[in-house]
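Order of listing sets the numbers, starting from 1, for every ligand and every atom in it.
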Amino acid sequence: MQLYLDSANLEHINHAASLGIISGVTTNPSLLAKEDPSVDVRDRIKEIYALVGGHLSVEVVSTDADGMLKEADEILSWFPEATIKIPMIPAGLTATRKLADQDIPVNMTLIFSPTQALAANNAGATYVSVFMGRLDDIAHNSVQVIEDTREIWDMQGLNSLILAASIRHPLHIQEAARAGADISTVPYKALMQSLKHPLTDKGLDAFLADYHKMQEEIAKLKA
Ligand code: G3P
């Protein structure tokens with residue numbers, strides 16, 4: 001399973017990219033709104049792309065197909081490798097189909113069910129973003145939705161990439177991978193949490209303590 005960073009924060013993106021474990025970045029209007037409003041969105045997006053290269057999803061805010069397509073043209077003028085992020089609404093399907101017919105990659109977002117994911121796939125979406133955290137927030141089993149979507153994909157031979165989104169913690173990453181997601185887009189905090197384990201820290205401390213103790217004993221012998 002590939003990992004993307006779900007962020008518009010340059011410091012977090014820069015650090016995550018330096019670890020060599022992410023293959024892209026996803027943004028959305030809420031993530032962009034968290035950042036410095038004095039920085040133009042276009043400039044921030046171009047900065048993010050310069051940092052990571054690879055996949056970068058940029059979301060439209062129009063709710064009509066023509067508006068979405070106009071925004072897509074604008075985003076693609078910023079960088080032609082952009083993936084256009086479009087909400088899973090009927091107008092979004094129309095826009096997705098038109099963009100897919102031009103071989104422009106689309107990440108259909110705000111997907112909460114396998115039937116929505118199926119529609120997004122059939123509209124030509126390259127990525128279908130299935131939101132886990134927001135499903136769990138209302139006591140719906142998000143892992144089951146990923147599993148069901150994967151089962152349908154495998155049964156039907158569908159090509160869109162299943163992107164687990166709305167990740168809240170490392171267990172979502174683990175369960176998304178186990179359930180068959182192709183990609184998981186992860187907030188910086190959850191990504192860093194997923195790398196840590198108390199036994200790793202304890203073990204490293206013990207290794208270093210024993211090494212230094214050995215060095216001290218060697219030094220005494222040489223004295
Ligand atoms: O960016 C798409 C998705 O990952 C955002 O989910 O629930 O963290 O706002 P959420």
* Report the C-alpha separation of D36 and S38 in whole Å, then their side-chain angles, then the decisive distance to 0.1 Å, and conclude whether the side chain to side chain donor-acceptor pair (under 3.5 Å) test is met. => CA-CA 5 Å; D36 179 355; S38 69; 2.6 Å; yes
* Working for salt bridge (Lys or Arg N to Asp or Glu O under 4.0 Å), residues K189 and D6 -> CA-CA 10 Å; K189 182 182 175 186; D6 201 24; over 6 Å; no
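Exactly one residue among L163, V25, I22 makes a side-chain contact (heavy atoms from CB on, under 4.5 Å) with Y4. That residue is L163.
Annotation: the span from T109 atom OG1 to I84 atom CD1 amounts to 13.0 Å, rounded to 0.5 Å.
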So what's ligand 1 close to, N/O to N/O, under 3.5 Å?
unit_1	atom_1	unit_2	atom_2	d
ligand 1	1 (O)	D6	OD1	2.8
ligand 1	1 (O)	D6	OD2	3.1
ligand 1	1 (O)	N28	ND2	2.8
ligand 1	1 (O)	K85	NZ	3.1
ligand 1	4 (O)	D6	OD2	2.5
ligand 1	4 (O)	S166	N	2.8
ligand 1	7 (O)	R134	NE	2.8
ligand 1	7 (O)	S166	OG	2.7
ligand 1	7 (O)	R168	NH1	3.0
ligand 1	7 (O)	R168	NH2	3.3
ligand 1	8 (O)	R168	NH1	3.3
ligand 1	9 (O)	R134	NH2	2.7

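Side-chain heavy-atom separations under 4.5 angstrom define the hydrophobic clusters, and the remaining members of the one that includes L208 are L204.
Electrostatic pairing of E175 and R178 counts as a salt bridge here, judged by a charged N lying under 4.0 Å from a carboxylate O.
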